[in-house]
There are 2 protein chains.
Amino acid sequence: MNDSTNSLPDHRLICTVDIVLLTLRAGQLQVMLLKRDREPFAGALALPGGYVHASEDQDCEDAAQRVLLNKAGLQSPYLEQLASFSGPARDPRGWSVSVAYMALVPAPEPALPGQHWLPVDRLPQLPFDHGRIVAAAAERVRNKSQYSSLPVHLCPEPFTLPQLHGIYETLLGEAINPVSFRRKMDELAILEPVPGAKRAEGPHRPAQLYRLKDEFRQTLRLVGRGLNA
Amino acid sequence: MNDSTNSLPDHRLICTVDIVLLTLRAGQLQVMLLKRDREPFAGALALPGGYVHASEDQDCEDAAQRVLLNKAGLQSPYLEQLASFSGPARDPRGWSVSVAYMALVPAPEPALPGQHWLPVDRLPQLPFDHGRIVAAAAERVRNKSQYSSLPVHLCPEPFTLPQLHGIYETLLGEAINPVSFRRKMDELAILEPVPGAKRAEGPHRPAQLYRLKDEFRQTLRLVGRGLNA
DNA sequence: GCAATAGTGTCTTTGAGACAATATACA
DNA sequence: TGTATATTGTCTCAAAGACACTATTGC
């Protein structure tokens, strides 16, 4: 395998996709890692990923969806291209380009067997440059949480406003004024109340349940001037 | 050339970089196109780009810098990764991945021979999927202009605040309150006045000249709540 | 001095945050 | 009825926009 690569033209490169599948569990942003079943780094925890298959994929996003379905059993979560990572050293097989995608899901309870969810801020050393890729994804999620509806994709539906409020606070790492939060969510107009459905977490007034309007399932909406200062 | 590609492994793909070099001229966001000197699409105007060379490039950004230097004579303009574009049909040579970069420069006057600057909003049909790539770059510049210091990279130094103000207005396509604009630029603290240097454009009070502080030449700074509403 | 744009001071308006009041569940 | 959280109304404060005033040049 190594010999054959040397004879390939200089511009035919290893092309892969890597998926940073994120969720919020135990009050932390967590990433899903899988134990690699082949070399290189067999046995190590790493991002789900794989070669782009020129013969079957329509584009890299298509490859990402395929990986997501095969390795995580996910049909169509929120998915966006993150960035591409490249270089001679990131993959021991040779000069490679990886187009990284970020996917968001509500916390799967319990985790599927074989899936390892780890907090993005306390990861062990990861193979390839997966550490950098996860860091980029975490940064983007936290950044976009400041001014967009992104975090709704981390919340299991239906959800209450206080619940979503908590998710934003966790991601941003700071308190958000509850009144402003309601005002903003109202402006965004991406949520619809589930008629009659309420949920109480204890001996107190139950909260209205909401779900995401269908047309925003793959779209984001931006908040006028951000969520807080 | 076509036969050889068929025998390559499925995951060894054509990898290129494409550069969307943007500037502001004649009050318009313009993109630099070059006449292609080889197939495919020889003779057509297209984005500067080229194969990633596994043997010389440290990563795709490196390849982008190389292309920028060789084809546009640019040393180190503002450069950021835009996104990757891929698929079986975008390049007639076969399934390909292009990592697109966006570069910003102050308007070069006069344009170098061979460089064609065209307004991004009135482009002819471009080869490959270069139309889409340019559209993505234009969208990103306009978007980032709403809340960051990005547009300073389009302004020839030294510049006056009214000049920079005009650039923001052009990019955003709407008026910006001059008082707020000054306040914001002041907050950002990325500009320094050139001591004693002023410029008058006519029979009136001359404006103070500014330059970008060196530490922000490749960095962006975000504005607290955006530049306007 | 006149015209024209640069730059500043201050009032008005808008929207975010604080706080208080009301609503509604379970015990 | 008591407690706890949901939800709403209203006041306060900070920042953006409008406007008016001063500054500085060439003519």
Side-chain angles (χ1 to χ4, degrees), chain A residues 27 145-149 151-152 155 157-170 172-189 191-211 221-229, chain B residues 27 145-149 155 157-170 172-189 191-211 221-229:
Chain A
S145 297
Q146 295 179 335
Y147 61 87
S148 84
S149 60
V152 299
C155 206
E157 294 187 80
F159 50 80
T160 67
L161 281 184
Q163 208 180 337
L164 187 58
H165 181 234
I167 286 184
Y168 270 89
E169 289 189 331
T170 300
L172 298 181
E174 60 185 351
I176 298 173
N177 185 300
V179 180
S180 296
F181 182 75
R182 277 164 186 277
R183 274 194 290 241
K184 290 293 186 180
M185 284 303 139
D186 196 48
E187 277 172 32
L188 283 186
L191 304 181
E192 55 188 10
V194 183
K198 315 215 166 194
R199 180 196 301 155
E201 293 289 341
H204 55 262
R205 176 172 174 178
Q208 175 65 51
L209 286 167
Y210 292 85
R211 66 173 157 242
R221 195 99 162 201
L222 307 184
V223 182
R225 297 184 179 177
L227 271 150
N228 43 21
Chain B
S145 297
Q146 295 179 334
Y147 61 86
S148 84
S149 61
C155 206
E157 293 188 80
F159 50 80
T160 67
L161 281 184
Q163 206 181 338
L164 186 60
H165 180 235
I167 286 183
Y168 271 88
E169 288 190 331
T170 300
L172 297 181
E174 60 185 353
I176 298 173
N177 185 301
V179 180
S180 298
F181 182 76
R182 277 165 185 277
R183 273 193 292 239
K184 289 295 186 179
M185 285 302 139
D186 197 48
E187 275 172 32
L188 283 185
L191 304 182
E192 55 190 8
V194 182
K198 314 214 166 194
R199 180 196 300 155
E201 293 290 340
H204 56 262
R205 176 173 175 177
Q208 175 65 50
L209 285 167
Y210 291 85
R211 62 173 160 244
R221 194 99 163 204
L222 306 185
V223 183
R225 295 184 180 176
L227 271 150
N228 44 22

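All heavy atoms count here, side chains included; hydrogens, waters and symmetry mates do not.
Distance alone, capped at 3.5 Å, is enough to place a donor-acceptor pair between the B:Ser149 side chain and the B:Arg221 backbone.
Listed by chain and number, the residues in a side-chain contact (heavy atoms from CB on, under 4.5 Å) with B:Arg211 are B:Glu157, B:Glu192, B:Val194, B:Pro195 (sequence neighbours excluded). Annotation: side-chain contact (heavy atoms from CB on, under 4.5 Å) contacts of A:Thr170 (sequence neighbours excluded): A:Leu24. Remark: B:Arg199 pairs with B:Thr160, B:Gln163, B:Glu201, B:Leu209 by the side-chain contact (heavy atoms from CB on, under 4.5 Å) rule, at least two apart or across chains. For A:Pro206, the side-chain contact (heavy atoms from CB on, under 4.5 Å) partners two or more places apart in sequence, or in a different chain, are A:Lys198, A:Ala200. Shown here are the side-chain hydrogen bond (donor to acceptor under 3.5 Å, both in side chains) partners of B:Glu169, two or more places apart in sequence or in another chain: B:His165.
For the pair B:Leu164 CG and C:dG7 P, the interatomic distance rounds to 12 Å; values are reported in whole Å. C:dT14 atom C1' lies 11 Å from atom CZ of A:Arg183, rounded to whole Å. Here the C1' atom of nucleotide C:dT5 and the NE2 atom of B:His165 are 13 Å apart, to the nearest Å. Taking atom CD on A:Glu174 and atom C1' on C:dG17, their separation rounds to 13 Å, with Å as the unit. Rounded to an integer number of Å, the gap from CG of A:Asp186 to P of C:dG15 is 14 Å. Taking atom CZ on B:Phe181 and atom P on D:dC19, their separation rounds to 21 Å, with Å as the unit. Protein atom CG of A:Leu188 is 11 Å distant from nucleotide atom P of C:dA16, rounded to whole Å.
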What string of B, S and - do you get for nucleotides 1-9 of chain D, 5' to 3', when a contact is any protein heavy atom under 4.0 Å? --BBBBSBB

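The side chain of B:Lys184 contributes an N or O atom lying less than 4.0 Å from OP1 or OP2 of D:dA16.
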